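Notes follow once the structure below has been shown.
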Amino acid sequence: MADGGGEPDQLAGERATAQFDVDGMKVAWAGSRHAVEVADRMARLVASDPVFRKDTRTMLSRKELFKDTLKKAAHAWKRIVELRLTEEEANLLRLYVDQPGYVDLHWGMFVPAIKGQGTEEQQKKWLPMAYKFQIIGCYAQTELGHGSNVQGLETTATFDPSADEFVMHSPTLTSSKWWPGGLGKASTHAVVYARLITEGKDYGIHGFIVQLRSLDDHSPLPGVTLGDIGGKFGSGAYNSMDNGVLRFDHVRIPRDQMLMRLSQVTREGKYVHSDVPKQLLYGTMVYVRQTIVADASKALSRAVCIAVRYSAIRKQFGSQDGGPETQVLNYKTQQSRLFPLLASAYAYRFVGQWLKWLYTDVTQKLEAKDYSTLPEAHACTAGLKSVTTSATADAIEECRKLCGGHGYLNSSGLPELFAVYVPACTYEGDNVQVARFLMKTVAQVATGKQPVGTIAYMGNIQHLMQCKSAVNTAEDWLNPAAIKEVFEARALRMAVNCAQNISKAPSQEEGFSELSPDLLEAAVAHVQLIIVTKFIEKLQEDIPGPGVKEQLQKLCSIYALHLLHKHLGDFLSTGCITARQGALANELLGKLYAQVRPNAVALVDAFDYTDHYLGSVLGRYDGDVYPALYEEAWKDPLNETVVPDGYQEHLRPLLKQQLKLSRL
Ligand SMILES: CCCCCCC/C=C/C(=O)SCCNC(=O)CCNC(=O)[C@H](O)C(C)(C)COP(=O)(O)OP(=O)(O)OC[C@H]1O[C@@H](n2cnc3c(N)ncnc32)[C@H](O)[C@@H]1OP(=O)(O)O
Ligand SMILES: Cc1cc2nc3c(=O)[nH]c(=O)nc-3n(C[C@H](O)[C@H](O)[C@H](O)COP(=O)(O)OP(=O)(O)OC[C@H]3O[C@@H](n4cnc5c(N)ncnc54)[C@H](O)[C@@H]3O)c2cc1C
């Protein structure tokens, strides 16, 4: 069908104009040929299984949706066991099932918390049960009264030496655990964070493994109050997750269920802290923030894939002489809003791959008792998590707008994608802890200490504080060194300005508080520098496939220059560039958009998403958008009857009354 301006073979035409090898780009995106093959196989396995259908999900009631989530999770596990999938395959299978549920917290936080904070003995006891799903676990940290301020948590774990047990208690309403995913209905166990009290002294927050529900009939154990905290933003969406509430009334657990890798309580009740830094208590958050950064590129690339394909199909307005209408993707405004998001998807993908490496590296070092890179890993994960999630949430909403009216339909997939994604800005913290790390580094640089890793550039302070960009033509901005220099200078100067202003405050804490908005902006500048740098470094690798590296170079320039354009105020006020150089960057952006245009559809094809995973009639691979939109509309429950329920009670009497009135 090709009526009404929508031509399915339009996308075939778009694909034919690509100037690079799409298979090569798939490898660059996925990380290796092996990764492409496994992802492809798992995506197709999910897409072909009727249990994993999700096209009517937004029409289910909360109870139906939750039951459907339990069914999918159980079926996924069955397939994982039957097919003897590897950990890599199983993770991908769960990703493509694409429905938030208790398993995310079980594998994503409960298991990592035990691995990171449990002793070897504790790991041997608990992990095999968790690996076989004999128990289901969640991560119960946040309370009704406190989330960001972890030291403010109120739940207590008081040691009773007479029984060799901890007594878990929720002393106030605000101490109720509130939000943990999987807690409300599914979990049998939780890693609970509580104030450890022994010998009458409060030793602060520690982790404890606590059984919550019976393994026989799933009922809450004595003294445990449990429930779901209620419906959340958007239809379908994150409502598949049972975020829960938990209260303890003097619940007893054996002493050996305190996670004892970082500190221990002896049989006599003595508190002993081992030689590992206490910040390792927050280690699970570092781990999960790293996965959240990787997830940002997945969510963003899905939205961009939908918006690019649909923009190539959608036509509005004709040429002056009544010729064919123009694809909206040809409008410069559409390109200038969409292509930076396409570039951001690639940028986040590569920084996510690097962050995974950094996390693995720091974990290996921690095992060898080298804690030196922990502060950097914390700053990078917290900072990148904050910046990539908020930019991604904004970008999904922008993609919805770029799809016009049809983007607002559930069948476009975008409303649900946004509603599922947006809590990522909140969970795992929205603050940018990186600012404190930057201030410390500035102070250390002043004493002559040479920083390393992502803050190494700060050591080049003499040059970066006074350099002026040498860019003279628009094309000069294609030089990665020119880009890097101005991003480094901007980040450093903003950090140094903050440090100088803090030093003028009556106290450091007052200075921090007063300048926190500026500190946040300095942190964002530093994080954007990391993303730009990692993209540039990626381009120094061998990237096989005709034209692949060239396309990535363009996307890297677009990513950096659109940030420069957006934050022009920072670059100008810190004196890194002149207004003319800013205008040249914008001029080059326009040229780059024109160069990306014939490759746009192929660049989103390289994400290799199935129609099932995309879940969008607008983003279909075949571009057959209009028949799909038309067909989807009829599936709505409102269309089950021609005359709606309620006609007899509310419409008919009204219409009859109006008719009588008009006859008077
Ligand atoms: C695949 C899974 C699917 C995803 C589902 C996600 C579901 C969501 C789960 C959750 O949301 S779980 C709850 C998450 N909660 C938070 O994120 C709380 C956010 N709050 C913070 O992060 C706090 O800022 C804080 C770090 C806990 C504050 O703690 P505290 O007041 O003790 O710290 P500070 O004084 O700020 O810092 C002390 C010291 O420690 C360093 N540090 C802080 N965090 C870490 C860390 N994670 N790793 C290493 N080091 C850390 C910090 O830099 C300070 O260092 P110094 O300045 O003293 O050197
Ligand atoms: C969908 C979802 C799933 C979640 N899953 C879990 C889970 O599995 N386990 C779990 O334990 N928790 C979970 N959480 C809780 C989550 O971690 C917290 O909501 C989050 O850490 C934010 O804390 P808060 O809600 O207390 O916000 P608040 O800290 O009250 O934040 C409110 C506002 O105050 C600001 N603010 C707070 N402190 C400061 C400060 N020092 N300086 C400046 N501004 C500040 C914040 O930036 C924000 O703008 C989940 C939350 C959501 C939404």
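These numbers were taken from a predicted model, which means no experiment stands behind them. For ligands, and for the atoms within them, numbers begin at 1 and follow the listed sequence. These numbers come from the heavy atoms of this one structure, side chains and all, not from hydrogens, waters or symmetry mates. Residues: numbered from 1 along the sequence shown.
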Regarding ligand 2, does [X] bring an N or O atom to under 3.5 Å of one of the ligand's N or O atoms?
X	result
Met109	no
His146	no
Leu105	no

Of all the atoms in ligand 2, which lie at a distance below 4.0 Å from a heavy atom belonging to [X]?
X	result
Glu428	17 (O)
Gly147	23 (O), 24 (P), 26 (O)
Tyr238	1 (C)
Tyr139	7 (C), 8 (O), 9 (N), 10 (C), 11 (O)
Gly181	7 (C), 8 (O)
Gln141	11 (O)

Residue portion contacting ligand 1 (non-hydrogen atoms closer than 4.0 Å) for [X]:
X	answer
Glu428	both
Arg289	side chain
Val288	side chain
Arg436	neither

Is the contact between [X] and ligand 2 made by the side chain, the backbone, both, or neither, using heavy atoms and a 4.0 Å cut-off?
X	answer
Asn243	side chain
Met241	neither
Pro423	side chain

| message | According to ring pair (Phe, Tyr, Trp, His ring centres under 6.0 Å), who are the partners of His75, at least two apart in sequence or on a separate chain? | response | Phe52

Those atoms of ligand 1 less than 4.0 Å from some heavy atom in [X]:
X	answer
Gly147	18 (C)
Asp104	2 (C)
Tyr139	12 (S)
Met109	9 (C), 12 (S)
Thr142	13 (C)
Gln151	31 (O), 32 (O)
Val286	46 (C), 47 (N), 48 (N)
Val150	18 (C), 27 (C)

Determine, considering heavy atoms only, which of [options] sits nearest to [atom].
atom	options	answer
atom 20 (C) of ligand 2	Val288, Val150, Thr426, Val192	Thr426
atom 2 (C) of ligand 2	Phe110, Tyr427, Phe512, Trp178	Tyr427
atom 38 (N) of ligand 2	Ala140, Gly108, Cys425, Ser148	Ser148
atom 16 (C) of ligand 1	Glu376, Met439, Met285	Met285

Check this for me, if you would: do [X] and [Y] make a salt bridge, where the nitrogen-to-carboxylate-oxygen distance has to be below 4.0 angstrom?
X	Y	value
Arg400	Glu397	yes
Asp228	Lys185	no
Glu89	Arg41	yes
Glu376	Lys365	no
Asp68	Lys71	no
Asp98	Lys298	no
Arg57	Glu416	yes

Report yes if the distance between the aromatic ring centroids of [X] and [Y] is under 6.0 Å, otherwise no.
X	Y	value
His206	Phe166	no
Trp107	Phe133	yes
Phe110	Tyr139	no
Tyr457	His526	yes

| note | Sorted by chain and number, sequence neighbours left out, salt bridge (charged side-chain N to carboxylate O under 4.0 Å, His left out) with Asp570 holds for Arg490

| message | Quick one, Arg436 with Glu509, criterion salt bridge (charged side-chain N to carboxylate O under 4.0 Å, His left out). Give me CA distance, side-chain angles, the key distance, then yes/no. | response | CA-CA 11 Å; Arg436 278 188 188 269; Glu509 265 327 292; 3.4 Å; yes

| field | Nearest atoms (heavy-atom pairs only) where Met458 meets Ala495 | value | CE-CB, 4.0 Å

| said: Would you compute the distance between atom CG of Leu300 and atom OG of Ser344 and round it to the nearest 0.5 angstrom? | reply: 6.0 Å

Quick check: does [X] get an N/O under 3.5 Å from an N/O on ligand 1?
X	result
Tyr427	no
Gln279	yes
Tyr282	yes

| For ligand 1, is Ser148 a contact, meaning one of its heavy atoms is under 4.0 Å away? | yes

| said: Please confirm whether Gln433 approaches ligand 1 to less than 4.0 Å, judged on its heavy atoms. | reply: yes

| task | Using the ring of Tyr203 (Phe, Tyr or Trp, six-membered ring only), decide whether Arg195 places NZ or CZ under 6.0 Å from its centre and within 45 degrees of its axis. | result | no

| message | Taking the six-membered ring of Phe607 as reference, does the cationic atom of Arg302 (NZ for Lys, CZ for Arg) lie under 6.0 Å from its centre and within 45° of its axis? | response | no

| task | Could you check whether the rings of Phe350 and Tyr346 sit parallel, tilted or perpendicular, using 30° and 60° as the cut-offs? | result | tilted

